[in-house]
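Have a look at the structure below before the remarks.
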Amino acid sequence: MGRRTAWWQLAVVGIVLGAVAGAPGSPGFAASASPSTSPPASASSSVSPSSSATTSSYAFAEGAPSITGAADTADAESLEPGTTYRSSLPSDGKVYYRLQLDGTSTVYVAATAVPPTNLAVTPTEGVRVSVQDADGRSCSAADTASIGAGRSPRPLTVWGARQLSPSRSLCQGAGTYYVVVERVLRTESSPGDWDLELAPVLEPRLRKTGSTSAPEAWDSATPSPPAGAAVRVRGGGGFGSATALEQGVWRDDVRPGQTLFYEVPVDWGQQVYATADLSSSSSSGTGGGFVPGGVNLALYNPVRGLVDDTSISYNGSQKSGALAALPPVGYDNRYAVSDRVNGMRFAGAYYLVVHLAARVGEEFGDGPVGLMLRVRVKGEATVGPGYAGQSEPSGIFQVGLLGRGSGAAGEADSSDGDGGGGGGGDAGMRLVAVGGIGAGTVVLVVLGVWVVVGRRRAAGV
């Protein structure tokens, strides 16, 4: 009996130690919320499955299954909403993927095309996506994204949709649909595949049908950017590893050719505003000192649809760029003509994406440039429209805890007095507090069981 009791006690000790080791801040915990332990975004680079000789500047979704785009619809492989896929995009021709859809849900498909980092590109070339029915009719206007004035290889994200609407007659029934992706206006870039990430999302119908027209008026005044102590963060390398932010000012560094991803939770009824400040360069290169479109700041919605972006030319001195004023998040925004309005159609994680053109390194050296993101979320959260089913992936249109990406708010950067609302630091503390409480509860429960069972054994029960 004594040996059996000792074995049981050792087992409990192991459980307790395992719980403690898994708590935030413990040596055995992989603390993604700590920016000091996160790898640089550039370290998230991955190798194209189509060619090991080309490198990608984008961090693809971890564990994403590979899928091959077909040259025609007959051989198209199926995409399942809620699963993120990895594929490739040839330099010429279209690739097709299959969707089997019901007649009650709206489905979005985002395609992120990633040119190799060593590729020569032109401003006009890019990528296009569309969703078509079985008769080849487009369910929505084809979406196109191009490299832009910076002439820098960077991830380009476009989105297509099969949207259910009482005002439309096409693409409303259940059946087979196709996602069509292609390169556009390729001129200077060398032949070869681009990496591709596909993210299909299902939005269920509403329990109760509401308005089918866009809001006629909303507060379009741009508030002043937040101020306070800067919070140091490290941007993620892709949508799936985006660093969680909330309202405040956030300090990071970005290198030439690098793209950084951040996510901001925006609930129903709330507005989001963002500006990007680039510091002056501390180094010099061999060029003439001016890069048109040297910095790109973009905002994407929870299904990775572009809402707004701005391009900033860089000449080595400090520069600032801001997104346009955007409406509060509302379901009815989808009926607006303007992309800036109809993109703000659901709550969830909105993505801020910053790219620094590779040519900045030629003009001013390869050293990092200081980046300050000023984020404001305005308004009280309201009740959502009420979906009749579950989204795929689950919870994508809900605002939850921060820190789902590769990093979250760190500690205040005392070296910079012009910074953000200290809310970012509070977010990090909340993450640690939640994790700490959970681990502490496990320890207390296990110890309680140990005491009770020990007493029962001593009593001979």
Side-chain angles (χ1 to χ4, degrees), residues 32 38-67 69 83-91 95 109-121 125-129 143 145-148 150-159 181 183 189-190 192-200 234-244 252-263 295-300 302-306 309 349 351-358 360-361 368 371 404-407:
S32 63
S38 302
S42 59
S44 300
S45 297
S46 51
V47 178
S48 167
S50 59
S51 173
S52 59
T54 59
T55 58
S56 169
S57 59
Y58 182 78
F60 288 83
E62 185 176 353
S66 294
I67 190 170
T83 300
T84 300
Y85 298 87
R86 184 166 181 181
S87 189
S88 60
L89 183 62
S91 56
V95 290
V109 180
T112 298
V114 188
T117 56
N118 56 351
L119 194 69
V121 291
E125 67 179 302
V127 62
R128 176 186 296 140
V129 69
D143 187 31
S146 57
I147 292 293
R151 288 190 290 152
S152 178
R154 62 188 180 95
L156 299 174
T157 301
V158 287
W159 63 322
V181 191
R183 297 261 297 275
S189 61
S190 57
D193 292 357
W194 288 8
D195 282 346
L196 187 66
E197 184 172 81
L198 298 163
R234 181 172 293 169
F239 285 104
S241 56
T243 297
D252 205 346
D253 294 304
V254 57
R255 291 185 175 275
Q258 190 176 39
T259 305
L260 300 178
F261 291 75
Y262 311 86
E263 64 176 28
V295 185
N296 185 267
L297 170 66
L299 179 72
Y300 295 85
V303 301
R304 308 184 185 183
L306 179 65
D309 67 342
Y351 298 93
L352 287 170
V353 180
V354 178
H355 176 78
L356 184 63
V360 171
L371 169 66
R404 295 188 297 109
S406 64

According to side chain to side chain contact (heavy atoms under 4.5 Å, CB included), who are the partners of [X], at least two apart in sequence or on a separate chain?
{"X": "Ala113", "answer": "Leu89, Val127, Trp194, Leu196"}
{"X": "Thr83", "answer": "Pro65, Glu80, Tyr85"}
{"X": "Ala298", "answer": "Asn296, Tyr300, Leu306, Asp309"}

Can you measure from [atom1] ([X]) to [atom2] ([Y]) and round to the nearest 0.5 angstrom?
{"X": "Ser57", "Y": "Arg255", "atom1": "OG", "atom2": "CZ", "answer": "15.0 Å"}
{"X": "Tyr262", "Y": "Leu371", "atom1": "OH", "atom2": "CG", "answer": "5.0 Å"}
{"X": "Thr259", "Y": "Leu156", "atom1": "OG1", "atom2": "CG", "answer": "9.0 Å"}
{"X": "Asp195", "Y": "Phe60", "atom1": "CG", "atom2": "CZ", "answer": "4.0 Å"}
{"X": "His355", "Y": "Leu297", "atom1": "NE2", "atom2": "CG", "answer": "13.0 Å"}
{"X": "Gln258", "Y": "Ser152", "atom1": "CD", "atom2": "OG", "answer": "11.0 Å"}

Q.
Between Val109 and Pro200, is there a side-chain heavy-atom distance shorter than 4.5 Å?
A.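 They are in side-chain contact.
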
Quick one: closest heavy-atom pair of [X] and [Y], and the distance?
{"X": "Arg183", "Y": "Pro90", "result": "CG-O, 3.2 Å"}
{"X": "Gly150", "Y": "Ala357", "result": "O-CB, 4.0 Å"}
{"X": "Thr84", "Y": "Arg304", "result": "OG1-NH2, 4.3 Å"}
{"X": "Ala64", "Y": "Arg86", "result": "CB-N, 4.2 Å"}
{"X": "Thr157", "Y": "Ala110", "result": "CG2-CB, 4.4 Å"}
{"X": "Ser87", "Y": "Gly69", "result": "OG-N, 3.6 Å"}

Q | salt bridge (Lys or Arg N to Asp or Glu O under 4.0 Å) involving Asp143 - partner list, sequence neighbours excluded | A | none

Q: Apply ring-ring contact (aromatic ring centres under 6.0 Å, His included) to the pair Phe261 and Tyr351, showing each step before the final yes or no.
A: CA-CA 7 Å; Phe261 291 75; Tyr351 298 93; 7.8 Å; no

(Q) Any side-chain to backbone donor/acceptor pair from Asp253 onto Pro368? Under 3.5 Å, distance only. (A)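 It does not hold such a pair.
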
